[in-house]
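Inspection log for the structure reproduced underneath, given as structure tokens.
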Amino acid sequence: MTAYKRVQQWNTFARVWHLYDATWQNPFESAQRIMKYLKGLHKPIYHPLNDCGDHVVVINSGEIALLGDEWRKRVYFHHTGYPGGATWTLAWELHDKDPTMIMKKAVYNVMDGNLQRRYTMQRLHIYPDDDVPEKIKQNITNQIRQLRPVPKRLDRYAPEEVQRFPKVMDWPKNYILR
Amino acid sequence: MSNSHLFLPSGFPRAPLQNGIGRFVCQLQRITIKFCKSNGSSRGVREFIEKDLLDFAHNYPGIVVYVKPRRHHSPCLSAEYLNGERQYVNCHNHSRDEVIKWVNLLRTESGNQIIRLRKMWHTDCPSIQGPWSPFVNRDPHLNVVEFPNESLSRPVYLPKTATEQLKEIFEKQRQTNVSSLDEKQAE
Amino acid sequence: MCKVCVVCIETMAARQTILNIQNLVNPSLLTVKRNYKRWLAPTLKELKRRKMKMGPEPPTRRSAFLEWNYHAELFAFGKRLGEEFRKDLLQRAFTHRSYIVQEEMRQKEVGIEDPKLSLEDNQEFIRRGETLMSEYLKCHLRVALPRFPEEGICAVHGYLMTDKTLAHVSRHLGTKDIILSSDFPVEEVTLATTLKALVGALAESSGAVRAREFVRDFILTQLAGRDINEFWEIKDPMRTLADILKRDGRGEPEPRLINESGRNTILATYQVAVYSDKQFIGLGYGESISIAVEMAAHDALKRLFHTTENMKPIPFTVDVRSMSYDESKWNTSVNDWSSAKVENVDC
């Protein structure tokens, strides 16, 4: 193989590192998207035997948002294999123990259950907050867009902006707010 | 999806020695026809030799034909090709037409081993624009941006929120108020 | 398969019952039923084992077979290639010096004092064929690649004239069985020289034009689908590029990193582009930055010489007669190459 062909192959199958900010995102919807990048489905050279998956670094996985009652009602089951080893952990309990677990399990469960799954999961790096090791930060060259817009908190707005905002209604002057 | 259960090997179509790009060379080098002079199984081959062989040899002078009578053996055709491969066809109880067809098949084959063709085409230059890479059509401003970037992270296709619609209505109202005020002042 | 008629079944049944009765009555009259022979498989296995133990069979010449007609083979060889050879010239082209020597030795051993062999060897044809091939290949390549430097043309020509390439062509034309030479199995050198002798013989019998067509159709087509740049290794592409740009009066080459991915991983990829006066001239990629810079310089040179992947392919069906055949007109060397020198050339 000539140097040109070797280098061409290296270039075509280069692995890209993507960044995903999971702040206020639904982990299960995000998992669908992340799974695509991990498997390599976003590439035209995709084939299941091709080993063309990319790396995804998820940050702020401690800030994810579950739908409705899910924090209180979603239950993660685990059995050690020994008698009496069944545990049912609620989502909020699991999140307290390890803030990356919910995201990790979401991605794991959305993938096909084949032998490639464990290898592909090794390319997913989840961090509970912004603190990413320097070496991994240097690898990242792309950002995946979020699925839901993150609204700005009221106390983050400047007071002049709040005042300038058009009011639809206002309380009467002698109204006492409780 | 696997081929481990298949006995026939697989491959891609290839022409020996770029045959056809320069000039076409018939790949059959020599054909040996072995038959029995008296046994009934060689009747078709004998008829072929009597009637069609000379025409065949005349039309394709590049093929050497050897005729070998052998007693008490089945008739057969043994073909040798330019790449050194051999093909053997047993013509026991074949009719004259069948023998003609087999001879023509051997003539038109290249000597390559018979395989299951994975693709019916072959090209040395599959792409003119060049093979794809993850950097094709990549926005160069991504090189100078600091990750994580807020504008790159925001979703692109969003419906207009109620807050934005309110703002627009307010702006429109203000514009109309301002213009009516101007008119009043002008009056 | 014909339907077994009712009558046959009845006779078969009758025959079987008779046999059964016979066996019951006198067991010594047991008739042998058609079955496989128990001794056959072990015998064949033993024979195979002994054959394997003796080692591989030495190869036999095709000319030693009963079905062999040397003159028919020679005639068919000429016709197969679509060429009209003169019979004696063709025979001479296949006869090597070593064969003649071997024959003379054999005759001397037998006792003939003055062996007068009517065979002539093909040394003259080999020389003639080699010069003709060499000239024509270089000419054709210079016409097909006018911007390619002379060193590159020589490198491609050198590859085409190696023994390995010529032996490959020769073998697939079917010369292996017809060659008269002392070595068996035939070596690469012999095959290569036979091909040269054939070109020489063709030139002698049908003229130089037919010989050139032969070279074009069989030897030049070995380049089909191959990348020309792989034959010519440029040692320091950046320095060569800098020299060429200086001669053109353009700014010196400036490599810039365009894309990268996975800097701290094993699979790090870097894409580097080379600019001159802020104009893009070449793109390269590689496992490390230095490799990428080198490949970018190579790419810039390819774009200058018009030998990129999407270049105009080398024509294999060009009319040899209409080609301007001037051996003295060489392409510019890479040490003098500049765009001005190749401007007037059409490509």
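The sequence lines fix the lettering, A, B, ..., with proteins before strands; numbering per chain opens at 1. Owing to the predicted nature of the structure, the values given are computational and were not obtained by experimental measurement.
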If you tally heavy-atom pairs under 4.5 Å against chain B, which of V168(A), V132(A), T141(A) wins? T141(A)

Kindly compute the distance separating NE2 (H92(B)) from OG (S42(B)), expressed to the nearest 0.5 Å. 9.0 Å

Answer yes or no: is there a donor N or O on one side and an acceptor on the other, between the side chain of N114(A) and the main chain of Q116(A), under 3.5 Å? yes

Side chain, backbone, both or neither of R15(A) within contact of chain B (heavy atoms, under 4.5 Å): neither

Heavy-atom cut-off 4.5 Å, strictly under: side chain, backbone, both or neither for F135(B) against chain A? side chain

Listed by number, the residues in residues 47-66 of chain A that come under 4.5 Å of chain B (heavy atom to heavy atom) are I59(A)

So, the part of Q143(A) with a heavy atom under 4.5 Å from chain B: the answer is both

Chain B contacts, top residue of T12(A), D130(A), V16(A) (heavy-atom pairs, under 4.5 Å): T12(A)

Taking the six-membered ring where the residue is Trp, are the ring centres of H125(A) and W17(A) under 6.0 Å apart? yes

Evaluate the side-chain contact (heavy atoms from CB on, under 4.5 Å) criterion for residues W92(A) and D96(A): first the C-alpha distance (whole Å), next the side-chain angles of each, then the deciding distance (0.1 Å), finally the verdict. CA-CA 6 Å; W92(A) 63 267; D96(A) 284 337; 3.5 Å; yes

Write out, in numerical order, the residues from residues 18-45 of chain A with a heavy atom short of 4.5 Å from a heavy atom in chain B. L19(A), D21(A), K43(A), P44(A), I45(A)

Residues K160(B) and E164(B) bridged, charged N to O under 4.0 Å: no

Begin from the C-alpha positions of N3(B) and S10(B) and carry the test side-chain contact (heavy atoms from CB on, under 4.5 Å) through to its verdict. CA-CA 9 Å; N3(B) 65 349; S10(B) 63; 3.8 Å; yes

So, do M120(B) and L117(B) sit near enough that their side-chain heavy atoms are less than 4.5 Å apart? yes

Establish, for the pair K152(A) and Y157(A), whether the NZ or CZ atom is under 6.0 angstrom from the six-membered ring centre and no further than 45 degrees off its axis. yes

Check R154(B) with E150(B), please: is the shortest side-chain N to carboxylate O separation under 4.0 Å? yes

What part of L152(B) lies closer than 4.5 angstrom to a heavy atom of chain A: side chain, backbone, both or neither? both

Part of R138(B) lying under 4.5 Å from any heavy atom of chain A: side chain

Taking the six-membered ring of Y108(A) as reference, does the cationic atom of R117(A) (NZ for Lys, CZ for Arg) lie under 6.0 Å from its centre and within 45° of its axis? yes

Find the distance between CD1 (I49(B)) and NZ (K37(B)) and round it off to the nearest 0.5 Å. 10.5 Å

Option passing side-chain hydrogen bond (donor to acceptor under 3.5 Å, both in side chains) with E80(B) (candidates Q87(B), Q29(B), R30(B)): R30(B)

Using the ring of each side chain (for Trp, its six-membered ring), is W171(A) parallel, tilted or perpendicular to Y175(A), with breaks at 30° and 60°? parallel

